[in-house]
J.: 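Sharing a structure with you now.
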Amino acid sequence: MIEQKKRDNGLEYIEVRNAQAQAKIALQGAHLFHYQRENEDPLIWLSDASFFETGKAIRGGIPICWPWFGKHPSPKMPQHGFARTALWELLEVEEASEDETELTLQLHHLPQHFKLWPHRFELRLHITIGRSLTLALTTTNCDEQSFTITSALHSYFAVSDIQTISIEGLENTPYLDTVTNRREMQTGRVRITQEVDRIYQQVQSPLTLHDQKRTVTIRSEGSASVVVWNPWIDKCARMADMHDGAYRTMVCIETANALDDARTLAPGAEHTLTAVIA
Ligand code: BG6
């Protein structure tokens with residue numbers, strides 16, 4: 001079942017329910033902000049202090065960072081690009097079976113995007129909602145010049161207690177620690193006991209998130225970089241759209257094309273960044 005709904009402030013979203021799971025996706029940003037499998041707690045974290053305002057990214061869910069990941073060299077430009085706050089259009093819905101629903105959302109270059117990023121593009125997000133959750137973000141270069149993108153499927157995972165989780169699959173992987181700005185090498189599983197903001201490079205899929213109450217696998221395609229982020233106590237307390245202490249119940253494991261994993265697309269070329277969460 002699919003329903004188009006509106007929050008009280010007019011923010012439009014799509015609610016999907018099938019035999020395996022339910023999900024909610026805002027048209028602003030093609031931002032999935034809820035995913036829950038039948039008889040389980042939500043797998044994707046959403047801040048209960050999120051604003052849900054027009055022009056502001058939702059805190060939690062899976063924001064789409066595109067066409068740049070992180071800070072832009074110019075401080076006037078929005079962090080993580082403009083796709084997460086742009087209004088997308090719902091292109092197709094397919095209720096393939098009672099267990100799986102597929103949606104495609106699309107964003108085209110518009111005059112207002114040109115001053116942020118002067119390229120013609122088409123961006124499509126294909127979402128499959130079922131026992132697992134798949135997001136496939138396809139960028140097509142519709143321009144006459146090549147362009148380069150960095151991006152991320154900025155997935156926020158709900159965890160029972162940040163201090164007891166571990167992430168497997170990044171052992172012996174180099175990373176840039178963006179808190180200290182130092183290059184490091186991961187030894188053992190990733191455990192989080194302080195602010196963590198890292199871009200792992202040369203990553204081999206899959207990763208496994210071990211939580212006391214479940215194990216989540218994240219497989220990626222078209223990606224060789226992963227961002228792991230938790231703001232910890234002080235940064236969380238400074239963030240207006242996260243309650244103090246909310247850092248304990250979330251971790252971001254972001255399927256990315258960041259740093260040397262940026263992708264350059266020739267005119268007419270396309271690239272797909274995929275995350276399969278199960
Ligand atoms: C992560 C970045 O991807 O997103 C962090 O690595 C950043 O540096 C975080 O703080 C949240 O970003 P924002 O723009 O949603 O507050």
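Just so you know, ligand 1 is whichever comes first in the structure, and atom 1 is the first atom listed for that ligand. Values below: all heavy atoms of this structure, side chains included; hydrogens, waters and symmetry mates excluded.
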J.: List, ordered by chain and residue number, the protein residues whose closest non-hydrogen atom lies under 4.0 Å from any atom of ligand 1.
T.: R59, F69, Q79, H80, R84, H154, D197, V227, W229, K235, E254

J.: So, do H80 and F69 have ring centers that fall under 6.0 Å from each other?
T.: yes

J.: Could you tell me the separation between the CZ atom of F52 and the CG atom of D8, rounded to the nearest 0.5 Å?
T.: 11.5 Å

J.: For residues W229 and E254, report the shortest heavy-atom separation together with the two atoms involved.
T.: CB-OE2, 3.8 Å

J.: Give the minimum heavy-atom separation between L116 and W68, together with the two atoms involved.
T.: O-CZ3, 3.9 Å

J.: Students often mix this up, so state it plainly: with edges at 30° and 60°, are the rings of W45 and Y156 parallel, tilted or perpendicular?
T.: parallel

J.: Among pairs that include at least one residue of residues 147-171, which meet salt bridge (Lys or Arg N to Asp or Glu O under 4.0 Å), considering only residues two or more places apart or in two chains?
T.: E168-R189

